[in-house]
Amino acid sequence: GVNILVHGADAEALQAFAQQVAAAAGLKVLALANRRLNPLALKGDNRVSSLLMSHRAVERRRDTVLLVEGPEDFTAPQHSSLDEMINGHSSVAHDPGQAWAFRMLDKTPVPTIWTTEKLFRIAPVYLERFDYILELPARPKVLRQRAVEAGFAGHRPEWIDDLAGRRELTPAQIRIAARSASLVAPAGTREAEQAAERILANTAKALRVLKLHFTMTDNIKTKKIVGV
């Protein structure tokens, strides 16, 4: 099989792009349970079980590609079931690091497109095992403009234009900020704009802290894996 990793800031755009790539290649898509739509998919054992069943379902088919969101979820050391599927036994307890993840990428029987908004959570030792890695740029300003105009109808044009120009914003963040701000102040008011700015600023701060935390944690894990 072939492993393609597509990363970027917009989860919805990543999924749509992967679907388009598969369609252009004339392939059907089997998508693993989506983490954002199915809370149970967040649990490691459920995700691994889904991946195992997906492999078995399509491993003899030539017209299907797997679409898996969040490869970083599969780096937990407790997932020995995948190692058993590939090798007939579990060697995780004996191999340093997550050796099963290496085998997953090296010996997966099915072509797979992986998508992630959290590239920083994937250690270099895993990244180098993907056959192809592609960054999907942020959505064009015109698309962000539409999302902002839909969420903040009636607000000042110059503020809407400024908001749409912020490349780091995703449609999901815009929708949530618009909905939350509407609970604080009437739409179209400066108070609502200020509330939205606070919400977006707090979200950005939390994401920076989270990214720093995972970067430091994964650096420690990487050192353990490579024996530093």
Side-chain angles (χ1 to χ4, degrees), residues 5-21 29 31-44 46-47 50 67-73 75-76 113-122 134-219:
L5 176 63
V6 186
H7 65 95
D10 190 333
E12 295 177 5
L14 291 172
Q15 292 282 306
F17 177 77
Q19 294 277 358
Q20 291 173 359
V21 169
V29 175
L32 201 63
N34 190 292
R35 292 178 298 159
R36 290 173 292 110
L37 299 180
N38 181 2
L40 291 178
L42 285 169
K43 297 182 179 180
N46 287 334
R47 298 215 74 207
S50 295
L67 174 55
V68 185
E69 182 186 19
E72 66 275 4
D73 291 345
T75 58
I113 301 177
W114 305 79
T115 67
T116 182
E117 318 98 84
K118 302 173 183 177
L119 187 68
F120 59 88
R121 289 198 60 191
I122 306 176
L134 174 69
E135 179 181 11
L136 189 66
R139 290 191 176 190
K141 181 180 177 181
V142 64
L143 296 182
R144 292 197 303 275
Q145 185 98 18
R146 292 173 188 170
V148 174
E149 288 175 349
F152 294 99
H155 284 268
R156 294 176 298 126
E158 60 271 24
W159 182 72
I160 288 179
D161 188 64
D162 174 70
L163 208 58
R166 303 179 193 179
R167 293 173 56 87
E168 72 278 6
L169 292 181
T170 67
Q173 289 174 321
I174 293 170
R175 287 194 298 268
I176 292 172
R179 184 175 66 242
S180 300
S182 69
L183 300 175
V184 177
T189 63
R190 291 294 184 96
E191 290 78 9
E193 293 176 6
Q194 293 170 355
E197 291 286 7
R198 289 194 298 271
I199 293 165
L200 292 171
N202 289 339
T203 299
K205 181 179 179 180
L207 289 174
R208 286 195 298 271
V209 172
L210 187 65
K211 181 175 181 178
L212 178 61
H213 167 75
F214 281 120
T215 299
M216 294 176 63
T217 301
D218 290 337
N219 283 341

S.K.: Kindly compute the distance separating CD (Glu149) from CG (Leu163), expressed to the nearest 0.5 Å.
M.R.: 11.0 Å
S.K.: Is the backbone N or O of Arg198 less than 3.5 Å from a side-chain atom of Asn202, with the two atoms forming a donor-acceptor pair by type?
M.R.: yes
S.K.: So for atom CZ, which belongs to Arg156, do other residues, nucleotides or ligands contribute more than 12 heavy atoms lying within a distance under 6.0 Å?
M.R.: yes
S.K.: Between CD of Glu168 and CD of Gln173, what distance do you get to the nearest 0.5 Å?
M.R.: 8.0 Å
S.K.: Of all residues at least two apart in sequence or in a different chain, which pass the ring-ring contact (aromatic ring centres under 6.0 Å, His included) check with His155?
M.R.: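 Here the qualifying residues are Phe152, Trp159.
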S.K.: Do you know which two heavy atoms are closest between Ala185 and Ala192, and how far apart they sit?
M.R.: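 Where Ala185 meets Ala192 most closely, the heavy atoms are CB-N, 3.6 Å.
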S.K.: Give, for atom CD1 of Ile174 and atom CD of Gln145, the distance between the pair rounded to the nearest 0.5 Å.
M.R.: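 Here the rounded value is 9.5 Å.
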S.K.: Are side-chain heavy atoms of Glu69 and Leu32 found at a separation under 4.5 Å?
M.R.: no
S.K.: Which heavy-atom pair separates Ile199 from Ala181 by the least distance, and what is that distance?
M.R.: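 That closest heavy-atom pairing would be CD1-N, 3.8 Å.
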S.K.: Please report the interatomic distance CD(Glu72) to OG1(Thr116), rounded to the nearest 0.5 Å.
M.R.: 3.5 Å
S.K.: Rounded to the nearest 0.5 Å, how far does CD of Gln19 lie from CD of Gln15?
M.R.: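 Result: 7.0 Å between the selected atoms.
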S.K.: Can you tell me how far NE2 of His7 sits from CG of Leu14, rounded to the nearest 0.5 angstrom?
M.R.: 9.0 Å
S.K.: For residues Ile113 and Ala18, report the shortest heavy-atom separation together with the two atoms involved.
M.R.: CG2-CB, 3.8 Å
S.K.: Which pair of non-hydrogen atoms, one from Ala13 and one from Leu136, has the smallest distance, and what is that distance?
M.R.: O-CD2, 3.6 Å
S.K.: Compare every heavy atom of Ala164 with every heavy atom of Arg144, then report the nearest pair and how far apart it is.
M.R.: NE-O, 2.8 Å
S.K.: Pair Ile176, Ser180 - check side chain to side chain contact (heavy atoms under 4.5 Å, CB included), show working.
M.R.: CA-CA 6 Å; Ile176 292 172; Ser180 300; 4.1 Å; yes
S.K.: Any side-chain heavy-atom pair from Leu5 and Leu119 closer than 4.5 angstrom?
M.R.: yes
